Amino acid sequence: MTDLSPFHITRKWPAQHPERLQLYSLPTPNGVKVSIMLEEIGLPYEPHLVSFDSNDQLSPEFLSLSPNNKIPAILDPDGPNGHPLPLFESGAIMLYLAEKTGQLLPQDPAARYQAIQWLMWQMGGLGPMFGQLGFFHKFAGSQYEDKRPLERYVAEAARLLGVLDQHLQGRDWIVGEYSIADIAVFPWIRNLVGFYEAGELVQFERFANVRRVLDAFLARPAVQRGLSIPARG
C-alpha cells in the first residue's frame, strides 16, 4: 500500500484510501473543475474539504501542498514513474489528469492545442474577470461608492461571453468534442448567473449559444455529481 505519511498535508487530512488520488478542495468554480473531471474520467479518488470558514487554506498542512493557498490541489499516489505527485493549480491538474488517463483532451495535435488554448483563456481571463465582477457586485466591493470598477468588470465579462458565444456558433462544445475546455469554462458561467446573480448585469440572455451549451453541460450526470464535491460540512 502507498505510504503518504511523508506528505505533511495527510496529518490534517488523513487518507482513508491512500491508494487513491487525494483531492483537497471546496465546491467553488475552480474547485469543481477537478471534481467534475474526476467524475467524468472515473478515476478513484478521495475528496477532502478545505473549509474557508476555518481558514484551512492558510494552514501549514495545506500550504505544504499548495503554497499559493488556493484550492484545488491533489496528491496522486500513482504519479509519474510510480512516485506520488503533489500538484496545485486547477489547470495544471486538469492537464495532468487528461494526459494520465488519455481522456478529455483530443488526440489530434491541432485540436489538443485548441483545447489547451481555451483552458488558458478561462484561467487568464474568464475566471479572474468573473471573480472581480462577483466581488464588486455581491461582496464587499458592492459597498464602494465609486462604481467604475464594477462597470469595468461587467463590460469585460460581457465581452468575454461574446467571444465564447460567437465561437460556439455551430458547435456542440468548445472544441467540437467535450473536453477539459468545457469543464474549465462552464462552472464559472454557472457561478456568474447563479451565485453571483449577475446575469442581468451582463445581459446574459443575449448569449444564446453560451446558454445552450451551459444547459447541456449541467445535464451531464458527472457534472451534477462533481458540483457538490467535496460535500460542505
Side-chain angles (χ1 to χ4, degrees), residues 21 23 25 27-43 45 70-72 74 76 80 87-131 133 156-194 196 199 202 204-227 229:
L21 183 144
L23 170 66
S25 191
T28 67
N30 278 334
V32 299
K33 289 192 296 190
V34 174
S35 57
I36 289 170
M37 184 164 183
L38 286 165
E39 289 293 316
E40 292 279 12
I41 64 180
L43 191 68
Y45 69 102
K70 304 296 183 184
I71 58 97
I74 65 168
D76 185 2
L87 203 60
F88 68 95
E89 278 295 332
S90 59
I93 295 169
M94 295 176 77
L95 284 171
Y96 169 70
L97 292 174
E99 293 181 346
K100 176 184 176 75
T101 63
Q103 299 184 57
L104 296 174
L105 194 59
Q107 296 301 307
D108 174 74
R112 180 178 184 272
Y113 281 105
Q114 288 169 1
I116 292 172
Q117 81 175 353
W118 285 101
L119 170 64
M120 300 304 169
W121 178 82
Q122 181 276 306
M123 294 181 63
L126 193 80
M129 295 301 103
F130 282 17
L133 189 158
E156 182 62 5
R159 187 191 71 80
L160 290 165
L161 286 167
V163 170
L164 182 61
D165 195 72
Q166 183 175 10
H167 175 77
L168 287 172
Q169 182 67 38
R171 291 182 172 90
D172 291 334
W173 301 104
I174 291 176
V175 294
E177 64 182 85
Y178 184 64
S179 74
I180 59 174
D182 304 290
I183 298 174
V185 166
F186 286 101
W188 273 103
I189 295 176
R190 171 183 178 266
N191 205 66
L192 178 76
V193 299
Y196 288 162
V202 298
F204 188 69
E205 71 279 357
R206 293 182 295 156
F207 307 109
N209 292 314
V210 175
R211 166 55 73 183
R212 168 178 55 84
V213 182
L214 173 63
D215 289 344
F217 178 75
L218 295 176
R220 296 179 68 88
V223 171
Q224 294 170 13
R225 295 192 301 270
L227 286 170
I229 298 174

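Just so you know, residue 1 is the first one in the sequence shown, and it goes up from there. Computation of the quantities below employed the complete heavy-atom set of this structure, encompassing side-chain atoms and omitting hydrogens, waters and symmetry-equivalent molecules. All values reported here derive from a predicted model rather than from experimental measurement.
- Nearest approach of Gly226 to Ser35, heavy atoms of both residues: O-OG, 2.8 Å.
- Contact check for Leu192 versus Leu133: side-chain heavy atoms found under the 4.5 Å cut-off.
- Remark: Arg220 fails to qualify as a cation-pi partner of Phe186 under the 6.0 Å distance and 45° angle criteria applied to the six-membered ring.
- No donor-acceptor pair under 3.5 Å is formed between the side chain of Glu39 and the backbone N or O of Val223.
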**Prompt:** Under the side chain to side chain contact (heavy atoms under 4.5 Å, CB included) criterion, do Ile74 and Tyr45 qualify, and how do the steps go?
**Reply:** CA-CA 10 Å; Ile74 65 168; Tyr45 69 102; over 6 Å; no
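- A distance of 5.5 Å separates CG of Leu164 from CD1 of Ile174, quoted to the nearest 0.5 Å.
- Closest of all the heavy-atom pairs between Gln122 and Pro128 is O-CD, 3.7 Å.
- Considering only heavy atoms from C-beta on, Phe130 stays 4.5 Å or farther from Asn191 through its side chain.
- Residues Leu227 and Arg190 meet the side-chain proximity criterion, which asks for heavy atoms closer than 4.5 Å.
- For Lys100, the NZ atom sits in a packed shell: over 12 heavy atoms of surrounding residues, nucleotides or ligands are nearer than 6.0 Å.
- When all heavy atoms are compared, the tightest approach of Ala158 to Arg206 is CB-NH2, 3.7 Å.
- Taking CG of Asn209 as the start and CG of Asp172 as the end, the distance is 11.0 Å to the nearest 0.5 Å.
- To the nearest 0.5 Å, atom CD of residue Glu89 and atom CG of residue Asn30 are 8.0 Å apart.
- The heavy-atom pair separating Pro187 from Asp182 by the smallest distance is CD-O, 4.0 Å.
- Ser179 places no side-chain N or O within 3.5 Å of a backbone atom of Ala115 that could act as its donor or acceptor partner.
- Interatomic distance, CG of Leu105 versus CG of Leu95, reported as 6.5 Å (0.5 Å rounding).
- Looking only at side-chain heavy atoms (C-beta outward), Phe217 and Ile36 come within less than 4.5 Å of each other.
- In this structure, the side chains of Val34 and Ser25 stay at 4.5 Å or more apart for every pair of heavy atoms.
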**Item:** Trace of the side chain to side chain contact (heavy atoms under 4.5 Å, CB included) decision for Leu119 with Ile183
**Value:** CA-CA 9 Å; Leu119 170 64; Ile183 298 174; over 6 Å; no
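- For the pair Val175 and Trp118, the tightest heavy-atom approach, listed with the atom from each and the gap, is CG1-CD1, 4.2 Å.
- Taking NZ of Lys33 as the reference point, atom CG of Leu97 lies at 12.5 Å (rounded to 0.5 Å).
- Between Ile189 and Leu214, the shortest heavy-atom contact is CG2-CD2, 4.1 Å.
- Here the side chains of Arg211 and Phe204 are in contact, with some heavy-atom distance below 4.5 Å.
- Looking only at side-chain heavy atoms (C-beta outward), Val213 and Val185 stay at 4.5 Å or farther from each other.
- Side chain of Gln103 to main chain of Ile41: a donor-acceptor pair is present (N/O by atom type, distance under 3.5 Å, no hydrogens or angles).
- Between atom CG of residue Leu43 and atom CG of residue Leu38 there is a gap of 6.0 Å, rounded to the nearest 0.5 Å.
- Counting heavy atoms of neighbouring residues, nucleotides and ligands inside a 6.0 Å radius, atom CD of Gln224 exceeds 12 of them.
- The pair Arg112-Glu99 meets the salt-bridge criterion, with a side-chain N (NZ, NE, NH1 or NH2) lying under 4.0 Å from an Asp/Glu carboxylate O.
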